[in-house]
Chemist: 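A single structure is presented below for examination.
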Amino acid sequence: MPELPEVEVTRRGIATPLRGAIVHGVRVGKPLRWPLGLPEGEFAGQMVGEVGRRGKYLWLPLVLPGAAHGGLLMHLGMSGSLAWQTSAPAAGAHDHFDLVTNRGTLRLNDPRRFGAVVWSPGLDRAPAARLLQRLGAEPFDADLTPQRFHEALHQRRAPIKAVLLSGEVMVGAGNIYACEALFRAGIHPALRADRLSRPRAQRLLEALRQTLAQALAMGGSTLRDFSDVHGMSGAYQTSAAVYGREGQACVQCGGQIRRVIQAQRSTFFCPHCQKR
DNA sequence: AGTTAAACCTGGTTGC
DNA sequence: TGCAACCAGGTTTAAC
């Protein structure tokens, strides 16, 4: 489900209600990807700070004045979404984590349970640091210049689609937005990353930023599960040019959109508009 | 280093 | 209607 736009939509939805909230406790349901890493009783009295995001991870800082501090690193996996509820109903079959505060409850719903909630003493400490260590640049970081993007791609021989999905050069683009950005940039997904010319790398960086920004403005994509913290669906998926459109007409040339498998994931592209 | 497969799960859709 | 096969927004780990 959630790629960077969906995670950022979620972050914006929870940051305000959570800022300064006092934790009463947590409730855990079925196991997620990794264990929580701190006994459930340890959270009471901690105050939530400013909710941050790194790639597709959310970071909820927790501070207990004069005592232990750390935070919760959360990932929504493929099917996760967070909801903010001022009065939380009984947990459903797929509600696997609650953060109960004096203001309301933050609830993770995740049918497939590929998501995670992990306590860490800090973003730069284990286990958070280990999970984040291989992440590439944030897409809207000013330090990610076209030149640096090109240089990083130049060191990768894998297909450009696989490099984007790995997140090791730039985080945030998952399967939908990687496909859409490559289409927007006119680049064939099987092209080796180190074969992109400088102008094409620049064009791809611009396409990635435009794609992610547009998706964010539209509230993200909702294929099945995703909704924002108020239960609203995103709208971007209806404006996808290639994703999920195998066999349909290309919006640009009218040719057939094709689907191939790369790195165990479906890649959608237009063979006519996207050049090697 | 790249590529490939398998693993973690549930559920919706498609096709016989 | 039933049931098998395939598909799904992500990421880690292991093996060749």
Side-chain angles (χ1 to χ4, degrees), chain A residues 1-10 28-35 53-58 73-82 92-97 108-118 126-136 152-182 189-195 208 211-212 215-216 218-228 233-240 242-247 259-268:
Chain A
M1 93 42 85
E3 304 182 34
L4 184 143
E6 293 77 24
V7 177
E8 180 62 18
V9 163
T10 301
V28 299
K30 287 186 182 179
L32 295 165
R33 192 161 214 270
W34 298 294
R53 180 190 55 74
R54 175 72 176 103
K56 299 169 188 169
Y57 289 89
L58 291 169
L73 192 69
M74 311 184 79
H75 197 289
L76 301 179
M78 287 277 263
S79 58
S81 61
L82 286 167
H94 302 305
D95 294 327
H96 300 304
F97 181 84
L108 174 68
N109 180 275
D110 185 3
R112 293 178 72 179
R113 289 190 281 130
F114 290 169
V117 183
V118 177
R130 191 176 155 281
L131 294 170
L132 304 179
Q133 68 179 350
R134 303 188 65 180
L135 297 189
L153 293 182
H154 202 70
Q155 293 170 229
R156 301 307 216 78
R157 301 186 198 187
I160 183 60
K161 166 73 175 347
V163 171
L164 292 178
L165 272 193
S166 81
E168 291 168 351
V169 170
M170 190 199 88
V171 296
N175 210 24
I176 297 177
Y177 304 125
C179 290
E180 292 300 311
L182 285 168
L191 178 66
R192 272 171 48 161
D194 61 351
R195 305 278 261 272
L208 284 160
T211 301
L212 294 172
L216 185 55
M218 296 179 73
S221 296
T222 299
L223 257 44
R224 302 188 163 70
D225 322 275
F226 181 73
S227 62
D228 70 17
S233 293
Y236 182 87
Q237 70 282 357
T238 61
S239 60
V242 289
Y243 185 84
R245 300 193 62 242
E246 180 184 17
R259 181 173 78 99
V260 297
I261 302 297
Q262 292 180 292
Q264 300 185 95
R265 311 293 299 280
S266 287
T267 294
F268 298 89

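Reminder, nothing fancy here: chain letters follow the sequence lines and each chain counts from 1.
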Chemist: Under 3.5 Å, is there any donor-acceptor pair linking the side chain of A:Arg113 to the base of B:dC9?
Modeler: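 Such a pair does not exist between side chain and base.
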Chemist: In whole Å, what separates the P atom of B:dG12 from that of C:dT11?
Modeler: 23 Å
Chemist: Once you round it to whole Å, what is the distance between P of C:dA8 and CG of A:Asp110?
Modeler: 18 Å
Chemist: Quantified in whole Å, what is the P atom distance between nucleotide B:dA5 and nucleotide C:dC6?
Modeler: 15 Å
Chemist: Checking only heavy atoms, does the side chain of A:Arg33 share a donor-acceptor pair with the base of C:dT11 at less than 3.5 Å?
Modeler: yes
Chemist: Over how many whole Å does the gap from A:Gln155 atom CD to B:dA1 atom P extend?
Modeler: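 That distance rounds to 10 Å.
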Chemist: Looking only at the side chain of A:Ser266 (C-beta and beyond, no hydrogens), which of the listed nucleotides B:dA5, C:dT13, C:dA8 gets closest?
Modeler: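 The answer is C:dA8.
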Chemist: Quick check: do A:Leu216 and A:Val9 have side-chain heavy atoms less than 4.5 Å from each other?
Modeler: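 Heavy-atom side-chain distance check passes, below 4.5 Å.
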Chemist: Among A:Leu182, A:Asn175, A:Ile176, exactly one meets side-chain contact (heavy atoms from CB on, under 4.5 Å) together with A:Cys179. Which residue is that?
Modeler: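 Single side-chain contact (heavy atoms from CB on, under 4.5 Å) partner of A:Cys179 among A:Leu182, A:Asn175, A:Ile176: A:Asn175.
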Chemist: Go through A:Gln262 and A:Thr267 one step at a time and tell me if the side-chain hydrogen bond (donor to acceptor under 3.5 Å, both in side chains) criterion holds.
Modeler: CA-CA 6 Å; A:Gln262 292 180 292; A:Thr267 294; 2.7 Å; yes
Chemist: For A:Trp34 and C:dT11, give me the distance from atom CH2 to atom P, rounded to whole Å.
Modeler: 9 Å
Chemist: P atom, C:dA5 versus B:dA6: distance in rounded Å?
Modeler: 16 Å
Chemist: When all nucleic acid strands are considered with a 4.0 Å heavy-atom cut-off, which category describes A:Ser166: base, sugar-phosphate, or nothing?
Modeler: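 Since no nucleic acid heavy atom lies under 4.0 Å of A:Ser166, the category is nothing.
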Chemist: Can you check whether A:His94 has a side-chain N or O nearer than 4.0 Å to OP1 or OP2 of B:dG11?
Modeler: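 True: A:His94 side-chain N/O within range (under 4.0 Å) of B:dG11 OP1/OP2.
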Chemist: Using a 4.5 Å cut-off on heavy atoms from C-beta on, say whether the side chain of A:Glu180 contacts that of A:Val242.
Modeler: yes
Chemist: For the pair made of CD in A:Glu180 and C1' in C:dG9, what is the distance, rounded to whole Å?
Modeler: 13 Å
Chemist: Whole angstroms only, please: what is the CE-C1' distance between A:Met78 and C:dC6?
Modeler: 13 Å
Chemist: I want to check something: taking the side chain as every heavy atom from C-beta on, are A:Arg53 and A:Thr10 in contact at a cut-off of under 4.5 Å?
Modeler: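 Of all side-chain heavy-atom pairs linking A:Thr10 with A:Arg53, none is under 4.5 Å.
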Chemist: Paired with B:dC9: which nucleotide, if any, by Watson-Crick or G-U wobble criteria at under 3.5 Å for both distances?
Modeler: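 Because no pair has both required distances under 3.5 Å, B:dC9 counts as unpaired.
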Chemist: Which heavy-atom pair separates A:Ser266 from A:Lys161 by the least distance, and what is that distance?
Modeler: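 In this case the closest contact between A:Ser266 and A:Lys161 is O-NZ, 3.5 Å.
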Chemist: Is the shortest side-chain heavy-atom distance between A:Glu6 and A:Tyr177 below 4.5 Å?
Modeler: yes
Chemist: Given C:dG9, is OP1 or OP2 found less than 4.0 Å from the side-chain N or O atoms of A:Tyr243?
Modeler: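 Checking C:dG9 against A:Tyr243, a side-chain N or O does come within under 4.0 Å of OP1 or OP2.
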Chemist: With a 4.0 Å cutoff (strictly under), does any side-chain N or O of A:Arg265 reach OP1 or OP2 of C:dA8?
Modeler: no
Chemist: Give a yes/no on whether any side-chain N or O of A:His75 is located under 4.0 angstrom from OP1 or OP2 of C:dG10.
Modeler: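 Indeed not, no polar side-chain atom of A:His75 lies that close.
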Chemist: When we call it a touch if two heavy atoms are under 4.0 Å apart, what does A:Arg134 touch: a base, just sugar-phosphate, or nothing?
Modeler: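 The residue A:Arg134 makes no contact with any strand.
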Chemist: Quick check on DNA chain B: between A:Ala93 and A:Arg192, whose nearest nucleotide comes earlier from the 5' end?
Modeler: A:Arg192
Chemist: On a heavy-atom basis, which atom in A:Pro189 and which in A:Pro159 lie closest, and how many Å separate them?
Modeler: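 That closest heavy-atom pairing would be O-CB, 3.7 Å.
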Chemist: Round to a whole Å and report the spacing from CD of A:Glu168 to P of C:dT12.
Modeler: 9 Å
Chemist: It should be established whether A:Lys30 places a side-chain nitrogen or oxygen under 4.0 Å from OP1 or OP2 of nucleotide B:dC9.
Modeler: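 For A:Lys30, the contact criterion (side-chain N or O under 4.0 Å from OP1 or OP2 of B:dC9) is not met.
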Chemist: Where each residue is assigned the nucleotide of DNA chain C containing its nearest heavy atom, which of A:Ala263 and A:Arg112 is assigned the position nearer the 5′ end?
Modeler: A:Arg112
Chemist: What is the distance, to the nearest angstrom, from the CG atom on A:Leu76 to the C1' atom on C:dA8?
Modeler: 16 Å
Chemist: Please give, in whole Å, the distance from C:dG10 P to A:Leu4 CG?
Modeler: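 Computing the A:Leu4:CG to C:dG10:P distance gives 11 Å.
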Chemist: Tell me whether A:His75 contacts the main-chain N or O of A:Ala116 through its side chain, where contact means a donor paired with an acceptor under 3.5 Å.
Modeler: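 Judged by distance alone, no pair lies under 3.5 Å.
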Chemist: Hey, is A:Phe114 doing a stacking thing with B:dC8, by the 5.5 Å centroid and 30° angle criteria?
Modeler: yes
Chemist: Counting heavy atoms from C-beta on, name the nucleotide in C:dG10, C:dT12, B:dA6 closest to the side chain of A:Gln264.
Modeler: B:dA6
Chemist: Among residues 156-165 of chain A, which contact DNA chain B at a heavy-atom distance under 4.0 Å?
Modeler: A:Arg156, A:Arg157, A:Ala158, A:Pro159
